[in-house]
Amino acid sequence: MGVIWKGVFPAVTTKFTDDDRLDFNAFDKNIEAQIEAGASGIIIGGSLGEASVLSDSEKIELLQHTVKVVAKRAYVILNIAEQTTKAALLCAANAEKYGADGLMMLPPMRYKADEEETVKYFTDVAKSTKLPIMIYNNPYDYKIEVTLDMFEQLSPYKNIQAVKESTRDVSNVTRMINRFGDRFAILCGVDTLALESLFMGADGWVAGLVDAFPRETVAIYRLAKQGRMQEALKIYRWFLPVLELDIHAKLVQYIKLAESVTGLGTETVRLPRLKITGSERDRVLGAINHAVKNRPELPAGSWGIEAEVDVTGVS
């Protein structure tokens with residue numbers, strides 16, 4: 001099994017029906033849009049996927065369904081966001097059993113583990129599975145930073161292959177490259193720093209607003225990687241007011257609202273989250289509608305399925 005950690009990896013939302021069941025009809029429509037745009041992998045059960053309110057059985061059901069729908073056209077990555085090592089090990093085992101191609105891993109949830117505990121948590125899971133792992137480094141939201149010295153301790157584990165870089169310090173891309181070369185693939189995990197991170201050498205983009213604007217997201221990535229920075233920058237500047245919805249506590253509600261506007265999802269969230277209302281809704285809708293009204297024309301060939309992409313590593 002293998003994952004090529006390059007390209008755009010949408011962190012997709014989990015769709016729900018009005019009676020609080022998994023809404024696979026809405027989910028499938030979004031997945032098809034991501035693949036059609038040229039996404040390299042689909043990440044499920046992440047922060048945007050409302051992982052904290054999904055049961056273990058729902059995560060398995062969601063994974064099985066995603067594997068079937070994606071049908072080897074992209075990688076399927078399952079997020080691990082657990083409070084105990086025991087639960088993380090079970091999640092990794094289920095991921096391997098039910099067809100995931102890789103894992104994204106947060107540090108232990110709720111408990112602020114120290115360096116030794118965090119490294120052991122990651123390595124215990126790495127030793128338990130053949131699946132490749134991307135470490136989610138987000139001290140801003142989850143309060144535990146995976147430092148360069150900790151990555152040094154993780155480097156002997158060959159299936160720990162990538163980092164979702166969400167420290168909000170774009171210089172960390174250069175620090176990782178200076179320290180480790182190409183040992184770890186680096187994927188930007190903050191929408192508002194994506195182009196900057198790609199310019200500094202990031203390999204990919206774990207994206208949020210891609211859920212509503214898949215083609216534009218892929219276009220920015222590909223143009224940047226082709227060295228067509230002015231073309232990428234033009235799209236990025238148009239996109240930035242909407243990308244800023246990704247760095248808010250209500251990113252799930254905001255991005256689901258954007259999905260509903262662009263016809264790629266619904267606003268339905270799971271309690272305790274509520275749909276946004278009033279002046280907050282007007283403000284967010286204003287940014288989304290302005291972006292839709294002024295949607296840029298994308299350069300030919302900057303998005304879409306690339307026939308030469310190697311997906312043979314997809315299980």
Side-chain angles (χ1 to χ4, degrees), residues 3-13 34 39-52 74-82 88 91-92 95 100-109 118-119 121-123 125-126 131-148 150-151 154-155 157 159-177 179-180 182-198 200-211 217-218 220-221 224 243 246-247 251-252 255:
V3 172
I4 299 171
W5 298 101
K6 293 183 179 181
V8 174
F9 284 68
V12 297
T13 60
Q34 303 304 327
S40 297
I42 304 295
I43 299 175
I44 59 173
S47 304
L48 259 178
E50 296 176 74
S52 62
Y75 302 111
V76 176
I77 310 298
L78 179 67
N79 182 54
I80 294 181
E82 300 292 345
C91 189
D101 300 295
L103 301 169
M104 183 170 76
M105 278 195 70
L106 281 159
M109 304 298 291
T118 302
V119 169
Y121 177 78
F122 286 140
T123 57
V125 174
L131 293 178
I133 296 169
M134 174 168 59
I135 301 297
Y136 186 176
N137 192 11
N138 185 351
Y140 187 90
D141 291 312
Y142 297 107
K143 311 310 176 188
I144 297 174
E145 180 176 5
V146 187
T147 65
L148 296 183
M150 292 164 74
F151 275 108
L154 297 174
S155 62
Y157 298 86
N159 60 334
I160 299 180
Q161 298 177 353
V163 55
K164 179 182 176 183
E165 167 50 48
S166 299
T167 62
R168 302 199 184 187
D169 180 358
V170 71
S171 298
N172 222 34
V173 175
T174 299
R175 293 187 187 102
M176 287 289 293
I177 293 171
R179 179 82 170 259
F180 301 109
D182 62 359
R183 168 61 185 85
F184 298 102
I186 302 169
L187 287 79
C188 177
V190 181
D191 276 359
T192 56
L193 295 175
L195 187 58
E196 295 88 341
S197 297
L198 292 169
M200 298 308 292
D203 301 285
W205 180 0
V206 177
L209 268 301
V210 66
D211 290 342
T217 306
V218 172
I220 290 170
Y221 171 81
L243 294 178
D246 182 57
I247 53 171
L251 76 164
V252 173
I255 291 176

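- Each of Val210, Leu193, Asp191 was scored for a side-chain contact (heavy atoms from CB on, under 4.5 Å) with Trp205, with one residue passing: Asp191.
- Expressed to the nearest 0.5 Å, how far NZ of Lys143 lies from CG of Asn138 amounts to 8.5 Å.
- Contacts of Asp246 classified as side chain to side chain donor-acceptor pair (under 3.5 Å), with partners at least two apart in sequence or in another chain: none.
- For the pair Ala95 and Leu103, the tightest heavy-atom approach, listed with the atom from each and the gap, is CB-CD2, 3.5 Å.
- The minimum heavy-atom distance between Ala74 and Ala39, with the atom names listed, is CB-O, 4.0 Å.
- Rounded to the nearest 0.5 angstrom, Leu154 CG and Ile133 CD1 are separated by 9.5 Å.
- You'll find the side chain of Tyr221 reaches within 4.5 Å of the side chain of Lys6, heavy atoms only.
- Applying the salt bridge (Lys or Arg N to Asp or Glu O under 4.0 Å) rule to Arg168 yields the partners Asp141; only residues at least two apart in sequence or on another chain are considered.
- When all heavy atoms are compared, the tightest approach of Val206 to Ala11 is CG1-CB, 4.2 Å.
- Partners of Ala81 under the side chain to side chain contact (heavy atoms under 4.5 Å, CB included) rule, at least two apart in sequence or in another chain, are Asn79, Leu106, Met109.
- Looking only at side-chain heavy atoms (C-beta outward), Leu198 and Cys188 stay at 4.5 Å or farther from each other.
- Proximity of Tyr140 to Ile247: side-chain heavy atoms (C-beta onward) are nowhere separated by under 4.5 Å.
- In this structure, the side chain to side chain contact (heavy atoms under 4.5 Å, CB included) partners of Arg175, at least two apart in sequence or on a different chain, are Leu148, Asp169, Ser171, Asn172.
- Rounded to the nearest 0.5 Å, atoms CD (Gln161) and CE (Met134) are 11.0 Å apart.
- Atom CE of Met104 sits about 10.5 Å away from atom CD1 of Ile44, to the nearest 0.5 Å.
- Residues Ile80 and Tyr121 have side chains in contact (heavy-atom distance under 4.5 Å, counting atoms from C-beta outward).
- Between Ile43 atom CD1 and Tyr136 atom OH the span is 9.5 Å, to the nearest 0.5 Å.
- Between the side chain of Thr123 and the main chain of Ala126, no donor-acceptor pair closer than 3.5 Å is present.
- Residues Leu251 and Leu48 have side chains in contact (heavy-atom distance under 4.5 Å, counting atoms from C-beta outward).
- Contacts of Thr118 classified as side chain to side chain donor-acceptor pair (under 3.5 Å), with partners at least two apart in sequence or in another chain: none.
- Between Ser40 and Gly7, the shortest heavy-atom contact is OG-CA, 3.4 Å.
- Residue Asp203 comes nearest to Ala185 through the heavy atom pair OD2-CA, 3.3 Å, listed as atom of the first residue, atom of the second, then distance.
- One distance of note links CD1 of Ile77 with CG of Leu131; it measures 8.5 Å at 0.5 Å rounding.
- For Phe184 against Ser155, the heavy-atom pair with the smallest separation is CZ-CA, 3.7 Å.
- Taking the side chain as every heavy atom from C-beta outward, Phe122 and Pro107 approach each other to under 4.5 Å.
- In this structure a side-chain-to-backbone donor-acceptor pair under 3.5 Å is missing from Asn137 to Glu165.
- The shortest distance between side-chain heavy atoms of Ile160 and Phe151 does not fall below 4.5 Å.
- Looking at residues two or more places apart in sequence or on another chain, you find a side chain to side chain donor-acceptor pair (under 3.5 Å) between Glu82 and Lys59.
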